[in-house]
2 protein chains.
Amino acid sequence: MRYLITVSYDGTNFKGYQKQPRERTVQGEIEKALKEINGGIKVDIHASGRTDAGVHAMAQRIHFDLEKNISLDKLCKGLNSLLPEDIFVRNCAEVPDDFHARFSAIGKEYIYKLNMGEYNPLERNYVYQYNQKLDVVEMERAMKYLEGEHNFKSFTKTDEEKEDYVRTISQTNLIRDPKNLNKITFVFVGTGFLRYMVRNIVGVLIAVGEGKLRSEEVIDILKKEDRRAANKTASPEGLYLKNVFY
Amino acid sequence: MRYLITVSYDGTNFKGYQKQPRERTVQGEIEKALKEINGGIKVDIHASGRTDAGVHAMAQRIHFDLEKNISLDKLCKGLNSLLPEDIFVRNCAEVPDDFHARFSAIGKEYIYKLNMGEYNPLERNYVYQYNQKLDVVEMERAMKYLEGEHNFKSFTKTDEEKEDYVRTISQTNLIRDPKNLNKITFVFVGTGFLRYMVRNIVGVLIAVGEGKLRSEEVIDILKKEDRRAANKTASPEGLYLKNVFY
């Protein structure tokens, strides 16, 4: 029986999603809990994609197979009773045997939160504390140049093995909190995202917001297909995997 | 010269505001930073009041005296460069010699955040995760009975030395987040608050919201002037010292 779970987590105290020896990871914690539920037999889990250290998830999706049949309610409650308080299983579902959390996904939504106002110690792990004004109109304009199908090689860590850097960003948005205009959220919906892609895009958007780049120069960065053409990677704590679409 | 600083902090990783040997406290961290700024000479600081372990502050006020004259900008920047990332000095001001952060205060505002919806691991240290529905209308009604001058002995830790349990709550409010009605904020403005008073009030409000108490029974609890008449203390992570009025 194949199960799909929807999981939220606080990335602050994890060395990322992916399992690593001797490190506290989201995958490691979930596999440990599942092993207990599965009578001591190891369960391999498959996420929609990894998230890096410090990056959060509102609805990460993970599938796995269990030999024994377990009710969805029992699975959810069992996992949540075993998991640490910074991971929560929001939903459990049964899926067909050919469903795959990563390969069946048709899209994802990421958001990135940034504070242009005064440093807020209470949100230091959840909102990037930029703490200076940015040109929001220019950043919004720059985001629109990224919409559509592009080669995003300039926005990722290049990898010898990797061949395909083409992705489609179907929607971007810049939302200002009406109660606090200094708090902005960048929204990205797309078919898929390369490693560090959202954080590298936000790095470029910040350079645009600072006036170091004009918004239309984003087009040149895309065209160069070279990581060195873009700016530095924005820090992880502002990033959230918000949703995965199937 | 007497200085008044406005400080925000994340209470999660502190054993409360008040200095204690071998414990990480807000007072301890600020005094350590001030000592460094003051050329190695110890500085005693005085807050508007203590906050307990896990309780946050948006605008705690603290005064202290320095022998040497230091510009406000330098003091603010110096402190923030020395303080850990979970404490932030929002403002520095000079005040008259007879000003006292605690005794000059004429009022305070506390808020308490509670989530009636699904457990959110990202807010576990910042919003009390009650995760069940409560009768919001009844809770709001109960809050109104607390407004005005009352003896709040039932809502605090009784102390042999303490004589006066009379305080005035000038304003209460129950705010629901329009984007997520499950997120509620209790607001309390008053002349002063006794130890655990807000959390004990919230404990009673939760009992009202659960239907275990009728809203008007709050009056009986007040009248009893006995801690055993009230319900359990609500957990600290939902509580914020929002402001101090002078």
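Worth saying up front: this structure is predicted, and the values here are computed from it rather than measured. Below, read A as the first sequence line, B as the second, and so on, with proteins coming before strands; counting in each chain starts at 1.
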Discussion item. Using a 4.5 angstrom heavy-atom cutoff, name the option from A:Pro121, A:Ala57, A:Pro84 with the most pairs to chain B.
Written reply: A:Pro121
Item to complete: Could you tell me which of B:Glu123, B:Arg90, B:Met58 has the largest number of non-hydrogen atom pairs under 4.5 Å with chain A?
Response: B:Arg90
Discussion item. Counting only non-hydrogen atoms closer than 4.5 Å, does B:Asn91 touch chain A with its backbone (N, CA, C, O), its side chain (CB onward), both, or neither?
Written reply: neither
Discussion item. Looking only at the side chains, is there a donor atom on one of A:Asn182 and A:Arg176 sitting less than 3.5 Å from an acceptor on the other?
Written reply: no
Worksheet item: Checking side-chain hydrogen bond (donor to acceptor under 3.5 Å, both in side chains) for the pair A:Thr51/A:Tyr240: CA distance, chi angles, key distance, verdict?
Response: CA-CA 9 Å; A:Thr51 53; A:Tyr240 296 71; over 6 Å; no
Worksheet entry | Side-chain donor-acceptor contact under 3.5 Å, A:Gln18 with A:Thr25 | no
Worksheet item: At a heavy-atom separation under 4.5 Å, does A:Tyr126 approach chain B through its side chain, its backbone, both, or neither?
Response: side chain
Item to complete: Compute both the distance and the angle, then confirm whether B:Arg50 meets the cation-pi test with B:Tyr17: under 6.0 Å from the six-membered ring centre, within 45 degrees of the axis.
Response: no
